[in-house]
There are 2 protein chains.
Amino acid sequence: MNTTFGEYIRLLRNKNELTLTQLAAKLNLDSANLSKIENGKRDFDEKRLPKLAEIFKLDLTELRNEYVTDQIGKHIYETNCTKQLLQVAEEKAEYRRTLKEKAL
Amino acid sequence: MNTTFGEYIRLLRNKNELTLTQLAAKLNLDSANLSKIENGKRDFDEKRLPKLAEIFKLDLTELRNEYVTDQIGKHIYETNCTKQLLQVAEEKAEYRRTLKEKAL
DNA sequence: TATAAATTTGTCAATAAATGACAAGTCTTA
DNA sequence: TAAGACTTGTCATTTATTGACAAATTTATA
């Protein structure tokens, strides 16, 4: 899925022919704020993922993967992290996993 | 550098034979909080990177790379992001770059 | 074109998260 | 065992995020 998470929500919303107001209500969210989310001006709050999955009958795990990759993608983008540095970051994540093991 | 950023600071501090109190003072920071940073219980505040580079005579760009890869590595770790998903995240970062271009 | 719905933008108070500060504890070592 | 070094816990302060609402602007339609 090569969109931001906000664009993804908009896609889902349009496909299901819901207005901002309608979807916002289902998500227990202000429609103005949902607009900002779709336009990438605010983040979608992770705690609403289950509700979002329910509304559009999506697999929660997959949806969470969409969310996580969006968040990390954003982080990569905002920090100007190159592919080379990303490789280093991945190694550091791996290192943290080994730390965790040792702690047990 | 396969350490967390906190461990890296500790390494630098030990190599230069400074106590927590001494380094903390140079960084204008409480020594108890520096201890937490070194032990991964708090984050180092990005705005202190220039000072840190100055203290240890490091290249700021390289230091910032250490910092960024640590942060993203932590993000990857905390979200249990697999290599496969990380690839997706990288593509999404790339997508954001194209969005930015279009906006100009 | 008028008007109604849909969406966007701006603002600010409320809430949540990060940081600073300090006291009290443990660990080292001289 | 006393002093210095480090760690941990707590809490007030600061900063960032979110919720809520008013006021545009845009889009669709009569």
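Residue numbering restarts at 1 for every chain, and letters A, B, ... go by the order of the sequence lines.
- Interatomic distance, CG of A:D59 versus OG1 of A:T61, reported as 5.0 Å (0.5 Å rounding).
- If you walk DNA chain D from 5' to 3' and mark each nucleotide with an atom closer than 4.0 Å to a heavy atom of chain B, the marks span D:dA5 to D:dT10.
- Listed by residue number, the members of residues 70-80 of chain A with any heavy atom below 4.0 angstrom from DNA chain C form an empty set.
- Sorted by first and then second residue, the pairs that involve residues 57-76 of chain A and meet ring pair (Phe, Tyr, Trp, His ring centres under 6.0 Å), not counting sequence neighbours, are A:F5-A:Y67, A:H75-B:H75.
- Side-chain nitrogen and oxygen atoms of A:N39 include at least one within less than 4.0 Å of the OP1 or OP2 phosphate oxygen of C:dT8.
- Looking at A:D43 and A:I37, their side chains never come closer than 4.5 Å, going by heavy atoms from C-beta outward.
- No more than 12 heavy atoms of other residues, nucleotides or ligands lie within 6.0 Å of CG in B:N28, so this atom counts as exposed by the packing criterion.
- A donor-acceptor pair under 3.5 Å links the side-chain atoms of B:D45 to the main chain of B:K47, judged by distance alone.
- Considering only side-chain N and O atoms, B:R48 lies under 4.0 angstrom from the phosphate OP1 or OP2 of C:dG20.
- For the ring pair (Phe, Tyr, Trp, His ring centres under 6.0 Å) condition, no pair includes a residue of residues 10-33 of chain B, sequence neighbours left out.
- Under the 4.5 angstrom side-chain criterion for Ile, Leu, Val, Met, Phe, Trp and Tyr, the cluster partners of B:I72 are A:V68, A:I72, A:I76, A:L86, B:V68, B:I76, B:L86.
- Contacts between residues 12-26 of chain A and DNA chain D, defined by a heavy-atom separation below 4.0 Å, involve no residue at all.
- For the pair B:D43 CG and C:dT19 C1', the interatomic distance rounds to 11 Å; values are reported in whole Å.
- The overall bend of the helix from C:dT1-D:dA30 to C:dA30-D:dT1, read as the angle between its terminal helix axes built from five base pairs each, is 30° when rounded to 10 degrees.
- No more than 12 heavy atoms of other residues, nucleotides or ligands lie within 6.0 Å of CD in B:E62, so this atom counts as exposed by the packing criterion.
- Here B:Y77 is tied to no hydrophobic group at all, with no ILVMFWY side chain closer than 4.5 Å.
- Put simply, the side chain of B:R48 gets close to the backbone of B:L27: a donor and an acceptor are under 3.5 Å apart.
- Between A:R10 atom CZ and C:dA6 atom C1' the separation is 10 Å, expressed in whole Å.
- Checked for salt-bridge contact, A:R96 and B:D70 meet the test: a charged N lies under 4.0 Å from a carboxylate O.
- Partners of B:R97 according to the side chain to side chain donor-acceptor pair (under 3.5 Å) rule, which considers only residues two or more places apart in sequence or in another chain, are B:E94.
- Each salt bridge (charged side-chain N to carboxylate O under 4.0 Å, His left out) pair with one or both residues in residues 12-28 of chain A, not counting sequence neighbours, appears once here: A:R13-A:E38.
- Atom-to-atom, CG of B:L27 to P of C:dT19 comes out at 14 Å; the value is rounded to the nearest Å.
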message = Return a single string for nucleotides 22-30 of chain C, one symbol per nucleotide in 5' to 3' order, where B is base contact, S is sugar-phosphate-only contact and - is none, cutoff 4.0 angstrom on heavy atoms.
response = BB-------

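- Atom CG of A:D45 is separated from atom P of C:dA16 by 11 Å (rounded to the nearest Å).
- In this structure, A:S35 contributes its side chain and A:S31 its backbone to no donor-acceptor pair below 3.5 Å.
- More than 12 heavy atoms of other residues, nucleotides or ligands sit less than 6.0 Å from atom CD of A:E91.
- Residues that satisfy the salt bridge (Lys or Arg N to Asp or Glu O under 4.0 Å) test with B:E78, not counting sequence neighbours, are absent from this structure.
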